[in-house]
Amino acid sequence: MKPRGREVLRVKRLFKTFGSVPACRAVSFSLRQGEVLGIVGESGSGKSTLLRCLAGRIQPDDGTVLIASDDYVVDLWAMDEASREQFVPTTVSLIHQNPRDGLRLEISAGGNIAEPLMAAGGRHYGSLRATALEWLEKVDIDGRRIDDLPEVFSGGMQQRLQIARGLATHPRLVLMDEPTGGLDVSVQAKLLDLLRSLVLELGIAVVVVTHDIGVARLLADRLMVMQRGRVIEEGLTDQVLDDPHHPYTQLLVSSVLHV
Amino acid sequence: MEADLIFDDDAIGYSFAYLDEMTKRMIRRAILKAVAVPGYQVPFGSREMPLPPGWGTGGLQVTASILGRDDVLKVIDQGADDTTNAISIRQFFAKVADVVTTERTGEATIIQTRHRIPERALTEDQIIVFQVPNPEPLRRFIPEEAVARKIHAFGRYGVMYVRLYEDISRLGYVAMSADYPVIVNGRYLASPSPIPKFDNPKLHRSRALAIFGAGRERRIHAIPPFTDVNSLDFVDHPFTVQHFETCCSVCGAQDSYLDEILLDDRGTRAFVCSDTAYCAEQRDKRIDA
Amino acid sequence: MTILVSVSGLSKTFTLHTQGGTEIDVFDSISLDVRAGECVCLHGPSGAGKSTLLRSLYANYKPDAGRIAVQHDGESIDLVSAEPWEVVDMRRRTIGYVSQFLRVIPRVSTLDIVAEPAIVNGVPSEAAYATGRTLLSRLRIPERLWSLAPATFSGGEQQRVNIARGFMVRYPVLLLDEPTASLDAANRQTVVELINEAKSRGAAIVGIFHDEEVREAVADRLFEVGQSLVRKPRRSTAAREAAA
């Protein structure tokens, strides 16, 4: 495992409003290499909007998103669009809840993994192929299925393929939007285990949005609780969940069913 | 200015080369922009032509805009000067512009073509005009024009390599044999029009200016002389052209693009040059020798 | 010996917003020093706040006031005000914690669960698995169970898997929350041995031991934790009085 290192992401007073509905209100936080930050809160609390602001997809109304690259720091929303489009795909990876949003279903599994690599300049078929095989193995998909279309894969396999596609380019920052949502409980467990070992192995910085407290507890080192666009409580995951201070967090934690 | 607007021949009722002077100026501006930004698709106001769209209205408008009285015009379709489309376009310009036409590649100053580049190397005083049905190579993968334009703007052409990857993984080779996409001047992805990939290398650092007109899609792009044109490929699967096992059964040429033709109902086949002018030249040479 | 953990002026109050804002003062102004090679047993009646104090020492609970200075990488770091990433790093290398309950990802094998803390610290996986096997053998977990996920194990087995995991890394500071609660005599003895081994290599240990025999065997001194006070918020008390 790589050492927990320097800051990868710093968000300063981020605001985003849709019409009159505030989605992010003065959200600030920072994230280091090797850290997993969980964001929990009910639907509509602004979690996904925040993620899209970090992924370069939605422009915030105000605030700063700083992302550290190898030897310089980039102000995501101060740079021009062309530079951002150059920077984001090689640095940030967004994993969608629905694998269909993050995959190209009409091209093969191997092609799906190879595409972002080719976009980043990969021009050697043999090494693209080798990387695709290596990643299929990492996410526990039989290498013989490299030329199959993801359309014929199960939901869990599609999600694992999306993760392989998202991580194969070695992004510094990985953003996950409900990565286990929509999957069977048994499939979820396997996926969580996979995500955890990949995060550990690669030492990437991860922001994972979820409404599932269990997912947050297993994946995240740190937790941010959002309500109506505001961060109302944050801290170490077990601290926030075992010793919640804010009334909303206490309600959230006490609402979880214990099986 | 005024000279431009003077109709040449009141007797026949239209201006030189069919298009009115303002339209020609508009198209020339688009051409200049296309030459200035090699491979970039410049929109233009495509006009109604006395030819159905899909029959070369884009090429026709480009030719009409650049044609001068002293030009010598050659028109080919699939390499042949004697097919219906080639003949009718040639006759059209002979009538509306009163220019000299030729079938000899070396004599022409402007060559309008559909689906081929002549075998004989073009020179710096020639312009080749392509008829283009689909100028946007991204269209197959990116249906939205706005998205495609952004991809061009940011030069992120990874998606095009997906097609290559998929072909190689499934078939062992890239299955595109015509309209094989190219990167022009190391920047813009462009369609070479549906020429066989055999002709792609001819575009690379060509001495002649190449202008591509798409009438229905209302786009013009260009490759200026001596511009780098690279066909998409992988380092370990380099771009290759069609290779023929046989030679032309008419002229014996071994270096030309061959068409396969059926000779009778029993399936007897022969291969002949697709470039009829080249074939004739080679035949003459052989006879002279 | 050097002081590895130094608690001063530590106070903790819970405010239960879901129960009308009830406040529970668990402890107030606690001070405690733990030296290397020493085992301190937290002592007091049930509900006195022993577990709360222990969890605070792991930064699992967030105290309202005071300091918990822990020696980490030759530096004294206050656990109460440390940045989360610092706490994560301290937990990874300096502070070990054995809770009463095993909390793991479903479907991960016992051996993987046990070896993980060492692997996270960069121990080569072969060496980590070897240590893990030794610990599991010592704690009498049958070898046939090692490749299974512990979700279906008995309470005692899960507890022992948890202990094995807690002793994987030679943490300078070790926190033990009733590690022998549901163990038989033989396994209790093994845990005592493990604790004494940790002490002799210089670990500072804080634990809760209900079993007197175990306490006698490992604890160097007792630390009394007092009775906690439940205090109703003034507003709701006033409201109730008004209703009465």
Side-chain angles (χ1 to χ4, degrees), chain A residues 56-57 59 79-93 101-133 135-136 143-152 161 164-166 168-169 171, chain B residues 37 39-41 137-176 180-189 197 200 204 228-240:
Chain A
R57 305 283 177 95
Q59 179 153 20
M79 65 207 296
D80 61 79
E81 192 181 358
S83 314
R84 188 163 52 246
E85 289 290 328
Q86 275 292 318
F87 176 79
V88 168
T90 54
T91 316
V92 185
S93 184
D101 295 337
L103 292 175
R104 285 179 185 274
L105 295 182
E106 73 286 359
I107 65 174
S108 68
N112 265 289
I113 299 174
E115 187 193 345
L117 296 167
M118 293 188 282
R123 296 288 180 268
H124 191 285
Y125 175 81
S127 62
L128 289 166
R129 188 91 175 154
T131 309
L133 269 172
W135 273 94
L136 284 177
R144 282 172 298 186
R145 307 205 61 175
I146 187 167
D147 293 328
D148 289 357
L149 295 182
E151 232 156 10
V152 302
L161 180 62
R165 176 184 163 103
T169 49
Chain B
V37 192
Y40 174 74
Q41 298 166 46
L138 292 166
R139 184 64 72 244
R140 265 183 293 219
F141 310 97
I142 310 288
E144 307 89 346
E145 175 69 13
V147 177
R149 290 237 202 157
K150 281 202 168 184
I151 289 176
H152 281 299
F154 303 142
R156 294 184 47 79
Y157 296 128
V159 63
M160 287 308 292
Y161 286 88
V162 170
R163 166 76 194 273
L164 270 57
Y165 171 93
E166 294 283 280
D167 277 359
I168 294 171
S169 66
R170 215 161 293 158
L171 309 164
Y173 59 92
V174 177
M176 286 179 283
Y180 193 106
V182 294
I183 298 282
V184 179
N185 200 26
R187 176 61 184 86
Y188 281 101
L189 176 79
K197 65 177 181 174
N200 273 23
H204 182 57
D228 281 350
V229 177
N230 297 308
S231 307
L232 299 188
D233 63 0
F234 288 118
V235 179
D236 52 340
H237 280 263
F239 172 78
T240 54

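So you know, we letter chains A, B, ... as the sequences are listed, proteins then strands, and number each from 1. In what follows, every heavy atom counts, from backbone to side chain, and hydrogens, waters and symmetry copies are set aside.
The backbone N or O of A:H124 lies less than 3.5 Å from no partner atom in the side chain of B:D236, so there is not a single donor-acceptor pair. One N or O on the side chain of B:E166 and one on the backbone of A:S108 form a donor-acceptor pair closer than 3.5 Å.
Ranked by heavy-atom pairs shorter than 4.5 Å toward chain B, the options A:D147, A:L117, A:I107, A:I146 are led by A:I107. Note on A:P116, A:A119, A:S83: by heavy-atom pairs under 4.5 Å with chain B, the leading option is A:A119. Counting heavy-atom pairs closer than 4.5 Å to chain A, the top-ranked of the candidates B:R170, B:H237, B:M160 is B:H237.
Rounding to the nearest 0.5 Å places OH of A:Y125 at 14.5 Å from CG of B:D233.
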Yes or no on side-chain contact (heavy atoms from CB on, under 4.5 Å) for A:M118 and B:F234, after CA distance, side-chain angles and deciding distance? CA-CA 10 Å; A:M118 293 188 282; B:F234 288 118; 3.7 Å; yes
Show the numbers, then the answer: is there a side-chain contact (heavy atoms from CB on, under 4.5 Å) between B:Y165 and A:E115? CA-CA 9 Å; B:Y165 171 93; A:E115 187 193 345; over 6 Å; no
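In this structure, chain A has heavy atoms under 4.5 Å from both the backbone and the side chain of B:Y161. The contact between A:A114 and chain B is made entirely by side chain atoms (from C-beta outward), counting heavy-atom distances below 4.5 Å.
Dense packing is recorded around CZ of B:R187, with more than 12 heavy atoms of other residues, nucleotides or ligands lying under 6.0 Å away.
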